[in-house]
Number of protein chains: 2
Amino acid sequence: MLSPKKQKFVDYIKDFTNQNHRPPTFIEIMKGLNFKSLGTVNWYIVELEKDGIIERVKGFNGKRALSILESHIANQLPLLGVVSAGSPIDVFDTIEYVDAPEVYCKPNNFMLKVAGDSMIDDGILDGDYIVAKKIQVAEPGDTVIASIDGEATLKRFYVGSNGIELHPRNDNYSIIHIDEQDELIIQGKLVAVIREY
Amino acid sequence: MLSPKKQKFVDYIKDFTNQNHRPPTFIEIMKGLNFKSLGTVNWYIVELEKDGIIERVKGFNGKRALSILESHIANQLPLLGVVSAGSPIDVFDTIEYVDAPEVYCKPNNFMLKVAGDSMIDDGILDGDYIVAKKIQVAEPGDTVIASIDGEATLKRFYVGSNGIELHPRNDNYSIIHIDEQDELIIQGKLVAVIREY
DNA sequence: ATACTTACGAGTAACTTACGAGTAAATTAT
DNA sequence: ATAATTTACTCGTAAGTTACTCGTAAGTAT
């Protein structure tokens with residue numbers, strides 16, 4: 001298990017790589033993480049390589065902006081947990097990174113695994129993976145990950161005459177009406193569905 | 001992963017070739033990219049050839065045509081066309097490459113766009129993208145891209161008592177029975193579905 | 001001759017690596 | 001309870017390499 005500081009370090013590299021389509025240089029890491037010395041950056045690199053987390057392409061790189069971990073680290077999104085029909089979101093302790101299409105690999109995106117069949121009429125099946133984007137406000141018609149009083153679920157977001165409604169897309173489930181006292185938090189909005197056969 | 005400068009170089013060659021229907025000469029590259037020396041251009045060519053990105057073919061006038069090898073393209077797959085319910089596969093003239101998760105980016109994989117709703121009960125919707133793998137023989141239960149007498153379609157593959165059957169997954173469509181004289185070619189097998197919202 | 005590609009030598013800035021030393025917190029020893 | 005030791009990180013700088021650049025000259029096919 002990585003220390004929080006080391007975790008932050010590798011997260012920075014991943015985010016940078018996804019955004020810029022290349023790994024950062026030592027100097028970029030130094031500035032991005034507010035270190036004052038390249039020695040610190042180098043210390044992390046050496047440590048993480050010892051830990052087997054990252055890998056340098058060649059033994060020695062001289063000038064090489066591309067030394068750290070190459071494609072292994074790019075085009076991946078964190079798989080945060082499982083979101084299911086009505087039960088709470090199951091958040092993974094150790095966040096795993098899984099491959100995703102490059103276009104979706106943005107800093108505020110994450111992935112979840114779907115459990116249950118409440119969205120079956122929208123073609124979202126049990127076991128599918130979804131890419132979601134963190135948002136605060138949803139538009140009517142959006143498919144959102146919403147948590148009500150701490151329980152997260154995947155539903156369609158609508159505004160009815162009596163306030164916010166969360167619609168499943170399966171006739172066996174019923175519409176959830178949000179009361180004043182319910183605490184509704186929009187966690188994210190559906191960006192893509194990926195199903196593996 | 002290519003360095004940014006090398007990437008820019010191959011992008012230039014690609015763009016030039018697309019626009020002028022021929023690859024650029026060294027001098028054209030030099031001017032186009034504001035290099036002051038042919039040596040620089042040559043250095044890139046040699047490097048990129050070493051990296052397996054481009055290839056030189058003999059032309060006329062001591063000319064060598066440069067061609068970009070598409071195969072190396074990172075984390076992308078060719079989008080070959082549209083496959084629909086019953087009508088023939090619509091093959092694109094110019095093959096476009098689209099982002100795909102790295103795990104699916106294998107030499108024999110390709111992508112298609114789905115038209116129609118014949119597989120709706122399997123959660124494959126109109127407009128979805130599918131990743132398929134070229135195969136010759138299908139297993140019962142596989143979802144396949146099959147062409148019958150030249151017309152390709154996305155269906156489930158089964159073997160019934162009267163021979164091969166292609167099942168749609170929508171009650172409004174009926175099962176296709178393959179006769180002896182029908183020419184059935186399995187083009188590929190469904191690997192993944194990607195839907196963008 | 002013309003139009004282009006290849007080859008070679010050398011330079012430079014960008015970048016990585018090595019090394020020595022320091023600090024604050026946690027762990028162990030006394 | 002206090003002192004000694006380790007652990008996990010941080011800093012600064014100098015030295016080492018390479019990615020990329022240039023200029024020029026020689027080669028090759030029409």
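Just so you know, these numbers use all the heavy atoms, side chains as well, and skip hydrogens, waters and symmetry mates. Convention: sequence-line order gives letters A, B, ...; per-chain numbering from 1.
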(request) Using whole Å, report how far CZ of B:Phe9 lies from P of D:dA19. (result) 16 Å

(request) Map B:Lys36 and B:Glu47 onto DNA chain D by nearest heavy atom, then report which one ends up closer to the 5' terminus. (result) B:Glu47

(request) For B:Ile29 and C:dT5, give me the distance from atom CD1 to atom C1', rounded to whole Å. (result) 11 Å

At a cut-off of 3.5 Å, list every protein nitrogen or oxygen paired with a nitrogen or oxygen from nucleotides 5-9 of chain D, distance to 0.1 Å.
| residue | atom | partner | partner atom | Å |
| --- | --- | --- | --- | --- |
| D:dC9 | OP1 | A:Ser3 | OG | 3.1 |
| D:dC9 | OP2 | A:Ser3 | OG | 3.4 |

(message) Any carboxylate oxygen within less than 4.0 angstrom of a Lys/Arg side-chain nitrogen, looking at B:Lys6 and B:Asp51?
(response) yes

(message) Strictly under 4.0 angstrom, non-hydrogen atoms only: write out the protein contact profile of nucleotides 21-27 of chain C, one letter per nucleotide from the 5' end, B, S or -.
(response) -------

(message) For the backbone of A:Cys105 and the side chain of A:Asn109, can you confirm whether one donor and one acceptor N or O come within less than 3.5 Å of each other?
(response) no

(message) If I take atom CG in residue A:Leu33 and atom P in nucleotide D:dT10, what distance separates them, rounded to the nearest angstrom?
(response) 9 Å

(message) In this structure, how many angstroms lie between the P atom of D:dT13 and the CG atom of A:Asn42, rounded?
(response) 16 Å

(request) State plainly whether one hydrophobic cluster holds both A:Leu125 and A:Leu112, where clusters connect Ile, Leu, Val, Met, Phe, Trp and Tyr through side-chain heavy atoms under 4.5 angstrom apart. (result) no

(request) Salt-bridge test for B:Arg22 and B:Glu28: reply yes if a basic N is under 4.0 Å from a carboxylate O, no otherwise. (result) yes

(message) If hydrophobic clusters are built from ILVMFWY residues whose side chains come within less than 4.5 Å, do B:Ile120 and B:Ile176 share one?
(response) no

(request) Starting from C1' on D:dC11, measure out to CZ on A:Phe26 and report it in whole angstrom. (result) 16 Å

(message) With side-chain contact (heavy atoms from CB on, under 4.5 Å) as the test, pick out the partner of A:Ser147 among A:Ile185, A:Val83, A:Leu184.
(response) A:Ile185

(message) Please report the distance, rounded to the nearest Å, between CD1 in B:Ile27 and C1' in D:dG23.
(response) 14 Å

(request) Using the rule that two of Ile, Leu, Val, Met, Phe, Trp, Tyr join whenever any of their side-chain heavy atoms come within less than 4.5 Å, decide whether A:Tyr12 and A:Ile27 are in one cluster. (result) yes

(request) Report the distance from atom CD1 of B:Ile45 to atom C1' of C:dC4, rounded to the nearest whole Å. (result) 13 Å

(request) Provide the closest heavy-atom pair for B:Tyr197 versus A:Ile124 in the form atom of the first, atom of the second, distance. (result) OH-CD1, 3.8 Å

(message) Tell me the interatomic distance from B:Leu38, atom CG, to C:dA3, atom P, rounded to whole angstroms.
(response) 15 Å

(request) Take B:Asp122 and B:Arg156 through the salt bridge (Lys or Arg N to Asp or Glu O under 4.0 Å) test and state the conclusion after the steps. (result) CA-CA 10 Å; B:Asp122 274 355; B:Arg156 290 282 281 259; 2.6 Å; yes

(message) If you count heavy atoms of other groups shown closer than 6.0 angstrom to CG of B:Asp171, is the number above 12?
(response) no

(message) Could you see if A:Val98 belongs to whatever hydrophobic cluster contains B:Tyr129? Use Ile, Leu, Val, Met, Phe, Trp, Tyr and a side-chain cutoff under 4.5 Å.
(response) yes

(request) Could you tell me, to 10°, how much the axis swings from one end of the helix from C:dA1-D:dT30 to C:dT30-D:dA1 to the other, five pairs per end? (result) 40°

